[in-house]
Amino acid sequence: MNRMAWRWLIGIVNALLIISVLCLPMIAQASGEVDARKIIDGVYEQESSYNTAMRAAFDIFDKDSHKTTKKFMLYRIGSPGDSKTLVRFTDPVEIRGVALLSYNHKGDTDRQWLYIPATQRTRSVAPRELSEKFAGTDFTYEDVEERVLDDFTYTLLTDSEIIDGHKTYKIESKPIDASRSQYKYVYYWIAQDVPVILHAEMYDRDGKLIRELHASGLKKASGTWGARHVEMQSVEAKTRTVLTIDEAKFNQNLDEKLFTPENLGKSPAVKR
């Protein structure tokens, strides 16, 4: 349960999603110095399932704390870093059937397609749209795609900050090609005693803080640590979105034909 939320922030979420949201083993070099890239690599080394089906929800709060809930299913096939992810909304009625398909392959530009039932049309998500909010949440299109680790550099900044009672590693992530991300850099705080991302800050191309992520409700399931709740806040708008994953099933033998732009109008089914 909740494994996609644990992996998010290099997407979602990455994750989708993602998300995000990042369960990491703590890896150190022989000299005792922590290797930031190896810590990030650990996110993917934990995920052994070839495909995943999840039931989750976004609770979206406006600046006056009024809440809207949007429920969805998330399906993924492939290996981390070389996968296809499909997010399909199930509730409320007005967005039921809206779907986002993301392709993530090493050495290739990530691609996304959006399907709208009202028009029965599928369109590509343009690179300029990556910074736009996804389905009215505080997550952007870039946030819900799975990122290619080689597209970023990682630097350990500190190893002594305390968050929610946990001593953390603070790691800076920067895109190698600035044109492929809305963020100039992202800071991650990774717990040293429990392998989970506890907090993250995202900065725009001008170096201005625009989003903050916080993980809570830590739990170990099937040998993997993760967070039950992941909250994303938009700093200037004073809005926030809480991602909660209610159910997760792995190695479900999903039909790969449904992970194509042409079939976004069809609901994925598990082959028996």
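Predicted model, so just to flag it, every value in this text is computed and none were measured.
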Examine distances only and state if a side-chain atom of [X] and a backbone atom of [Y] form a donor-acceptor pair shorter than 3.5 Å.
{"X": "H66", "Y": "F61", "value": "no"}
{"X": "T260", "Y": "K257", "value": "yes"}
{"X": "D62", "Y": "S65", "value": "yes"}
{"X": "R205", "Y": "G207", "value": "no"}
{"X": "E142", "Y": "Q182", "value": "yes"}
{"X": "R55", "Y": "K71", "value": "no"}
{"X": "Y188", "Y": "L198", "value": "no"}

Nearest 0.5 angstrom please: [X] [atom1] to [Y] [atom2], how far?
{"X": "T158", "Y": "K167", "atom1": "OG1", "atom2": "NZ", "result": "10.0 Å"}
{"X": "D59", "Y": "T69", "atom1": "CG", "atom2": "OG1", "result": "4.0 Å"}
{"X": "F259", "Y": "S102", "atom1": "CZ", "atom2": "OG", "result": "11.0 Å"}
{"X": "L264", "Y": "Q120", "atom1": "CG", "atom2": "CD", "result": "13.0 Å"}
{"X": "D255", "Y": "N51", "atom1": "CG", "atom2": "CG", "result": "10.5 Å"}

As a test of understanding, state which of R240, K63, K133 forms a salt bridge (Lys or Arg N to Asp or Glu O under 4.0 Å) with D138.
K133
Side-chain contact test, heavy atoms from C-beta onward, threshold under 4.5 Å: evaluate it for [X] versus [Y] and give yes or no.
{"X": "Y115", "Y": "R123", "result": "no"}
{"X": "L101", "Y": "T122", "result": "no"}
{"X": "L86", "Y": "L74", "result": "no"}
{"X": "T168", "Y": "I162", "result": "no"}
{"X": "D151", "Y": "R180", "result": "yes"}
{"X": "L254", "Y": "I77", "result": "yes"}
{"X": "R37", "Y": "D150", "result": "yes"}
{"X": "T85", "Y": "Y75", "result": "no"}

R121, CZ: over 12 other non-hydrogen atoms inside 6.0 angstrom
no
Axial cation check for Y203 ring with K184, 6.0 Å and 45° limits:
no
K170 charged N/C atom sitting above Y187 aromatic ring, 6.0 Å / 45°
yes
Could you tell me which non-hydrogen atom of [X] sits nearest to which non-hydrogen atom of [Y], and how far apart they are?
{"X": "K266", "Y": "R88", "result": "O-NH2, 2.6 Å"}
{"X": "P117", "Y": "G97", "result": "CG-C, 3.4 Å"}
{"X": "A36", "Y": "L156", "result": "CB-N, 3.8 Å"}

Name the one of Y154, Y185, Y183 that satisfies side chain to side chain contact (heavy atoms under 4.5 Å, CB included) with S173?
Y154
Cationic N near anionic O, under 4.0 Å, D204 to R211:
no
When you check the gap from the basic side-chain N to the acidic O, do K208 and E236 get nearer than 4.0 Å?
yes
Looking at the rings of F72 and F58, which for Trp means the six-membered one, are their centres under 6.0 Å apart?
yes
Pairing residues for P92 by the side-chain contact (heavy atoms from CB on, under 4.5 Å) criterion, not counting sequence neighbours
K70, E94, I95
After noting the C-alpha distance and the side-chain angles of D164 and H214, does the key distance pass the side-chain hydrogen bond (donor to acceptor under 3.5 Å, both in side chains) rule?
CA-CA 10 Å; D164 295 344; H214 193 78; 2.8 Å; yes
Considering residues at least two apart in sequence or located in another chain, which fulfil the ring pair (Phe, Tyr, Trp, His ring centres under 6.0 Å) criterion with H166?
none
Kindly indicate, with the supporting measurements, whether the criterion side-chain hydrogen bond (donor to acceptor under 3.5 Å, both in side chains) is fulfilled by S216 and H229.
CA-CA 5 Å; S216 61; H229 304 282; 5.8 Å; no
Taking a hydrophobic cluster as the set of Ile, Leu, Val, Met, Phe, Trp and Tyr residues connected by side-chain heavy atoms closer than 4.5 Å, whether directly or through intermediates, do W113 and M73 fall within one such cluster?
yes
